[in-house]
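Beneath this line is the structure, given in C-alpha cells, with notes to follow.
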Amino acid sequence: MQNSRIIAVVGATGAQGGGLVRAILADASSGFRARAITRKASGEKAEALRKLGAEVVEADLDNEASLAKAFDGAYGAYCVTNYWEHFTPAKEVSQARNMAQAAKAAKLQHVVWSTLEDTRKRVPLTDPRMPTLMEKYKVPHFDAKGEADAMFAEAGVPTTYLLTAFYWDNFIYFGMGPKKGPDGKLAITMPMGNARLSGIAAEDIGKCAYGIFRQGKQWIGKRVGIAGDHVSGAQMAADMSKALGKEVAYNVVSPEVFRGFGFPGADDLGNMFQYYTEFEKEFTEARSLDTSRSLNPELLDFKTWLAKYKDRIPLEV
Ligand SMILES: NC(=O)c1ccc[n+]([C@@H]2O[C@H](COP(=O)([O-])OP(=O)(O)OC[C@H]3O[C@@H](n4cnc5c(N)ncnc54)[C@H](OP(=O)(O)O)[C@@H]3O)[C@@H](O)[C@H]2O)c1
C-alpha cells in the first residue's frame, strides 16, 4: 500500500470515473491507489467512495491550480469532462486544457483522457448533410472532446486517448428507454436505420481504463476505442423484448425528426446518431471488442448487460 502508485480520478462520483475507482479498489493486488476528485468532498457519493477505501480530494475543472494540487504526488490521472452539465463546447476544451496543464505541472507519468471523435474531420462544416450547430460544430459534445486532444499533446503529457462509446445505461438514466407509442406498444426510438451502434456498459469504461493503467507504457501516445458490443436498433429491441418479457419495437425515425424532438441537446444527438449511421464502419472498427476485452476481461456485451440491469430500465406503460 505504501509503495502503491496513485491514480487521481476526475469524475470519480460519476459513471466513468466511479467505475475506475471501484475497479482499482476491487483489486487488492493492483499496486495502485485511488484518489477520487470531486467538487464536494462532503457529498454522499464522495463519502461512499471514502468508505470503499478511496482518498477523496476536492478540485474544480475550471480551476487549474486546484487540479495541480489534486494531481500532486500521483502517478497518473483519469481525465473526463461533463458536457451535459453546461452544453458549452468551449468550456470542455478549457477544462481539458486545465487538466493537461495540471498533469504537466505534477509530472504525471500516465494520463487517460476520455475523448470522442472530432466529427468535423469527416463532415466538414461546409457539408450540408447535417446542420452546423453553435456556428462551429457538427456534434458539439464529440467535436469539443476531439479538439481537446491537442491540449494533452501540446502539453507533452504522456496520454492515452480513450474513445468511449454509447452507454447502454442511457436506456435507464438518459430518457432513452422504451416508451409507449400511439399504438400502445413499447418502442425504443433511434434514427439509425439498420446500422449497428457501438455501445458499452458505463461501468466497463472505468474497468477498461484500469486495464490501460495496468498495461501501462505500451498505451502512451495511442488512441484506443472501447465497446462491449456493436448492435443494431432492431437487435437491441429484440434482445430487450426477451430480457423484459414484453415486446419492445424499434421505432426508426430520420435524423431530422430526432433533431426536432425539442429536448435540450436533441439536435446534437440527432447529428451524433446520423454520424454513427453514416460512419458505422469507421466508428465500430475504431472500437475493437477484442482489445476492450483484453483490457477488461469482465466486459459485458448487450445481452449480459441486459441480464444485469433489466430491472432498472423504466418502462412507461
Ligand atoms: N452518455 C453516453 O452515452 C456517453 C457516451 C460517451 C461519452 N459520454 C461523455 O461522458 C461525459 C460524462 O461522464 P460521466 O457519464 O462519467 O459523468 P456523470 O456520471 O454525469 O458525472 C459527472 C462527473 O463529472 C464531475 N465534474 C463535472 N464538472 C466538474 C467540475 N467542474 N469540476 C470537477 N468535477 C466535475 C462530477 O463531479 P462532482 O459533481 O462530484 O464534482 C461527476 O463526477 C460527458 O462529457 C459525455 O459526453 C457520454
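Numbering of ligands and ligand atoms starts at 1, following listing order. Bear in mind that the values here come from a model prediction, so they are computed numbers and not experimental data. We use all heavy atoms of the structure for the numbers below, so side chains are in, but hydrogens, waters and symmetry mates are not.
If you check which protein heavy atom lies closest to atom 21 (O) of ligand 1, you get Gly14 CA, 3.4 Å. Remark: minimum distance from atom 27 (C) of ligand 1 to any protein heavy atom is reached at Arg39 NH2, 3.3 Å. Of the protein's heavy atoms, Lys145 NZ, 2.8 Å lies nearest to atom 47 (O) of ligand 1. Summary of contacts: the protein heavy atom closest to atom 11 (C) of ligand 1 is Thr81 O, 3.2 Å. In terms of protein heavy-atom proximity, atom 14 (P) of ligand 1 is closest to Tyr167 OH, 3.5 Å. When only non-hydrogen protein atoms are considered, atom 1 (N) of ligand 1 lies nearest to Asn170 OD1, 3.1 Å. Closest protein heavy atom to atom 37 (O) of ligand 1: Thr13 OG1, 3.2 Å.
Just one of Leu300, Leu295, Ile226 meets the side-chain contact (heavy atoms from CB on, under 4.5 Å) condition when paired with Asp204; it is Leu300. The salt bridge (Lys or Arg N to Asp or Glu O under 4.0 Å) with Arg287 is formed by just one residue from the set Glu117, Glu282, Glu280; it is Glu117.
Ion pairing between a basic and an acidic side chain is recognised when a charged N comes within 4.0 Å of a carboxylate O; Glu298 and Lys308 show no such pairing. Taking the charged nitrogens against the carboxylate oxygens, Lys91 and Asp62 do have a contact shorter than 4.0 Å, which makes a salt bridge. A salt bridge is absent between Lys136 and Glu147: the closest approach of a Lys/Arg side-chain nitrogen to an acidic carboxylate oxygen does not fall below 4.0 angstrom. Checked for salt-bridge contact, Asp183 and Lys185 miss the test: no charged N lies under 4.0 Å from a carboxylate O.
The two residues Cys79 and Phe71 have their closest heavy-atom pair at SG-CZ, 4.2 Å.
Of the candidates Gly11, Ser198, Gly17, it is Gly11 that places a heavy atom closest to atom 24 (O) of ligand 1.
Residue-ligand proximity, His141 to ligand 1, at heavy-atom distances under 4.0 Å covers atoms 47 (O). Those atoms of ligand 1 that come under 4.0 Å of a heavy atom in Gln95, given as number and element, are 31 (N).
The proximity of Phe174 to ligand 1, defined as any non-hydrogen pair under 4.0 Å, does not occur for either the backbone or the side chain. Residue contacts with ligand 1 for Asp60 involve both N, CA, C or O and side-chain atoms from C-beta outward (heavy atoms, distance under 4.0 Å).
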